[in-house]
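The structure displayed is predicted, hence computed values, not measured ones.
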Amino acid sequence: MWKEALIWLGGSIISSGILGAVIAWALNRQAKKHDDLKKEVTSLKDEKLVALEKKDTELKAAIDKIDNKLDEHKKDDRSQEILTEIKTIKGLTVQNGTKIDNFSSEQSRQGQAILSNEKYISNLDDSFQKHKAREKH
């Protein structure tokens, strides 16, 4: 009986040892997989971070380029100067329009005066011709 108890106890110890070894092996294997996955995730994070930093650098360069172009455009911007010139031209056009209107009115007045003078001269000529005709008789 002691023998059987010892065999049973020894079998239990050996079984426990084997079971412990299997569990330790399984846990070690899981830990290794976990570590491998952790390394892979870290590697992917690093790759993504490098890619994002590269993209960030490219975007910053593009923004700087646009900023420089905008600054150059601002330097070359003559919109206020052109607006001033347009306002000046508009003022001159209004003045010229007024002068043309005045000239047209004056021309019309002078045309009427010329017609009036021509009629007066024609009347004087008729009177003179009648006077000459009376003098001859």
Side-chain hydrophobic cluster, 4.5 Å single linkage: members besides Tyr120: Leu124

Criterion side chain to side chain contact (heavy atoms under 4.5 Å, CB included) on Leu83 and Gln80, from CA distance to verdict: CA-CA 5 Å; Leu83 183 62; Gln80 291 304 317; 4.1 Å; yes

Interatomic spacing from CG in Asp67 to NZ in Lys74 - rounded to 0.5 Å: 8.5 Å

Student check: side-chain heavy atoms of Leu44 and Glu47 closer than 4.5 Å: yes

Residues clustered with Ile114, ILVMFWY side-chain links under 4.5 angstrom: none

Straight-line distance of Lys90 NZ to Gln95 CD, nearest 0.5 Å: 13.0 Å

Euclidean distance, Glu40 CD relative to Thr42 OG1, rounded to 0.5 Å: 10.0 Å

Salt bridge flag under 4.0 Å for residues Lys32 and Asp36: yes

Backbone of Gln112 reached by a side-chain donor or acceptor of Ser116 within 3.5 Å: no

From CD1 (Ile121) to CG (Asp126), nearest 0.5 Å: 12.0 Å

Whether Ser104 side chain and Ile100 backbone form a donor-acceptor pair below 3.5 Å: no

Side-chain (Ser43) to main-chain (Lys39) donor-acceptor, under 3.5 angstrom: no

Ser122 side chain to Glu118 backbone, donor-acceptor under 3.5 Å: no

Distance, nearest 0.5 Å, that separates CG of Asp71 from CD1 of Ile66: 12.0 Å

Gap between atom CD1 of Ile86 and atom OG1 of Thr93 - 0.5 Å precision: 11.0 Å

Any residue meeting side chain to side chain contact (heavy atoms under 4.5 Å, CB included) with Glu106, in chain and number order, not counting sequence neighbours: Arg109, Gln110

Intermediate values then yes/no, salt bridge (Lys or Arg N to Asp or Glu O under 4.0 Å), Lys60 and Asp56: CA-CA 6 Å; Lys60 284 180 181 177; Asp56 185 53; 3.3 Å; yes

